[in-house]
**Student:** 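The structure is given below, and queries will be raised subsequently.
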Amino acid sequence: MSNQLERGPVRTTRAEALLASVGERGVLRSFYDEDVGVDLMQEADGTSEAREMAARIRPASGPVLELAAGTGRLTFPFLKLGFEMTALELSTAMLATLRGQLEDAPADLRDRCTLVQGDMSDFALGKRFGTVVISYGSINLLDDADRPGLYASVREHLVPGGQFMISMADTSRSESLERQQELSGRSGRRYVLHVRRSPAEGIQEITTCPADETSAPFVVCTSRLRLLEANQVVRELEQAGFDVIAPTSFRSAGDRGGHDALLLEASPKSDPA
Ligand code: SAM
């Protein structure tokens, strides 16, 4: 099985401790399949990330396929820049939110966006695109065994000379092994986000819980990401038949902070005649 959403929530170290401390009030959920993920992700702005990608898209290269679109953090900026989009997402909760936001958007934007529920490591849409994009952190959701499926599916959906853009963390910057912060969601609800990195295991665990310790139910949401070096993804892309342009660095939220990010751009190698 190719993804966390189908396998059910990951029992992170932090989740185990929280659930043990709250007893019967505790409920474990997958971050991306729960209101909490939707609530927190809607607060994030993808304008500068979408602009970084859009600046590299060749003129008149046609519709863009966005993988793991979430609640549309990149989808809406792309639509506002005038692109026609197909947004693929696996989570029913994320897709429902994206659909709701599109319904509320001006007809000009709404009419240029197609939504598809699907797994980015194994999809067949029956059409090709000039560009396929995948946003910051999303490739890290796939296991080593599942990324080849992503590359193969993307190859099958790109026109000759098409572009595949992957935004990912710049792991050359040192980050603490454990951090915790309080965040607000779109609803105004407050959450505690806990992040644990384990370079030895090659993973990063994300755990959220309500900031209000008396909440009932006390919903603990988790996700597990693979720590991936850009070099590893470059090697995998080359093995999967792509030519890769060297990664470029950018700030995922422009002047307003965000993450140190890398953008990888790849094109399918042309088949030998
Ligand atoms: N693109 C959005 C953004 O930038 O805010 C969402 C990014 S979030 C890091 C990753 C997204 O991937 C979540 O919406 C999650 O539901 C989705 N996802 C997880 N596994 C997936 C899979 N196998 N195929 C498609 N989407 C998946």
Side-chain angles (χ1 to χ4, degrees), residues 1-10 29-54 64-79 83 85-102 113 115-125 131-154 157 165-169 183 185-186 193 195 203-206 208 221-228 250-254 258-259 261 263:
M1 197 174 301
S2 71
N3 62 74
Q4 280 176 42
L5 294 177
E6 287 173 5
R7 275 189 293 246
V10 176
R29 296 269 186 265
S30 287
F31 180 75
Y32 294 118
D33 233 357
E34 170 61 33
D35 289 354
V36 176
V38 169
D39 200 18
L40 284 171
M41 283 178 53
Q42 277 179 283
E43 279 305 272
D45 179 8
T47 305
S48 67
E49 192 172 329
R51 281 187 195 281
E52 281 293 331
M53 292 176 166
V64 173
L65 171 61
E66 181 192 359
L67 303 177
T71 58
R73 190 181 66 91
L74 292 192
T75 322
F76 285 98
F78 267 111
L79 289 168
F83 290 92
M85 302 294 294
T86 292
L88 178 141
E89 166 62 45
L90 186 60
S91 153
T92 305
M94 295 289 162
L95 207 56
T97 305
L98 178 49
R99 183 168 292 116
Q101 289 189 344
L102 266 179
C113 190
L115 301 185
V116 183
Q117 187 161 26
D119 182 341
M120 62 180 151
S121 67
D122 183 13
F123 59 93
L125 307 182
T131 314
V132 179
V133 300
I134 180 162
S135 65
Y136 185 88
S138 297
I139 193 169
N140 302 73
L141 287 163
L142 296 179
D143 287 334
D144 292 354
D146 297 324
R147 289 193 301 279
L150 165 75
Y151 307 135
S153 298
V154 169
H157 288 78
M165 293 189 206
I166 302 171
S167 166
M168 58 187 295
L183 297 171
R186 171 70 52 95
L193 167 76
V195 180
I203 56 158
Q204 175 165 293
E205 292 183 336
I206 313 281
T208 62
C221 293
T222 60
S223 176
R224 180 175 289 154
L225 307 174
R226 275 95 217 141
L227 295 176
L228 281 175
F250 71 102
R251 262 327 258 176
S252 69
H259 312 276
L263 188 60

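Please read these numbers as outputs of a predicted model, since none were measured by experiment. All ligand and atom numbering here is 1-based and tracks the order in the structure.
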**Student:** Can you sort out the partners of Arg186 under side-chain contact (heavy atoms from CB on, under 4.5 Å), two or more places apart, ordered by chain and number?
**Tutor:**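 Expected list: Asp39, Gln42, Glu43, Gln101.
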
**Student:** So is Ala69 close enough to ligand 1, meaning a heavy atom under 4.0 angstrom away?
**Tutor:**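 For ligand 1, residue contact (heavy atoms, under 4.0 Å) with Ala69 is present.
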
**Student:** May I ask you to list the atoms of ligand 1 that are less than 4.0 angstrom from any heavy atom of Gly118?
**Tutor:**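 Those of ligand 1 that fall under 4.0 Å from Gly118 are 24 (N), 25 (C).
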
**Student:** Heavy-atom contacts with Ser135 under 4.0 Å: which atoms of ligand 1 show up? List them by number with element.
**Tutor:**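 Near Ser135, the atoms of ligand 1 are 1 (N), 2 (C), 3 (C), 4 (O), 7 (C).
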
**Student:** Are side-chain heavy atoms of Ile134 and Met120 found at a separation under 4.5 Å?
**Tutor:**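 SC-SC contact between Ile134 and Met120 confirmed.
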
**Student:** Please list, in number order, the atoms of ligand 1 under 4.0 Å from a heavy atom of Leu141.
**Tutor:**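 Answer, ordered by atom number: 10 (C), 12 (O), 19 (C).
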
**Student:** Measure Asp119 to ligand 1 on non-hydrogen atoms and call it side chain, backbone, both or neither using the 4.0 Å cut-off.
**Tutor:**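 It is both parts that get close, each with some atom under 4.0 Å.
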
**Student:** Run the numbers on Leu150 and Leu67 for side-chain contact (heavy atoms from CB on, under 4.5 Å), then give the verdict.
**Tutor:** CA-CA 10 Å; Leu150 165 75; Leu67 303 177; 3.6 Å; yes

**Student:** Going by the atom numbers of ligand 1, which of them fall below 4.0 Å from some non-hydrogen atom of Ser91?
**Tutor:**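 Those of ligand 1 that fall under 4.0 Å from Ser91 are 16 (O).
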
**Student:** Checking contacts here: is it the side chain or the backbone of Glu49 that comes within 4.0 Å of ligand 1, counting heavy atoms only? Could be both or neither.
**Tutor:**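 No part of Glu49 is near ligand 1 at this cut-off.
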
**Student:** Just heavy atoms, cut-off under 4.0 Å: does Met94 contact ligand 1 by side chain, backbone, both, or neither?
**Tutor:**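 Just the side chain.
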
**Student:** Taking salt bridge (charged side-chain N to carboxylate O under 4.0 Å, His left out) as the definition, give me every residue that meets it alongside Glu205, ordered by chain and number, with sequence neighbours left out.
**Tutor:**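 Once residues adjacent in sequence are excluded, the partners of Glu205 under the salt bridge (charged side-chain N to carboxylate O under 4.0 Å, His left out) criterion are Arg196, Arg224.
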
**Student:** Can you name the closest pair of heavy atoms from Leu225 and Gly137 and give their distance?
**Tutor:**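 That would be CD2-O, 4.2 Å.
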
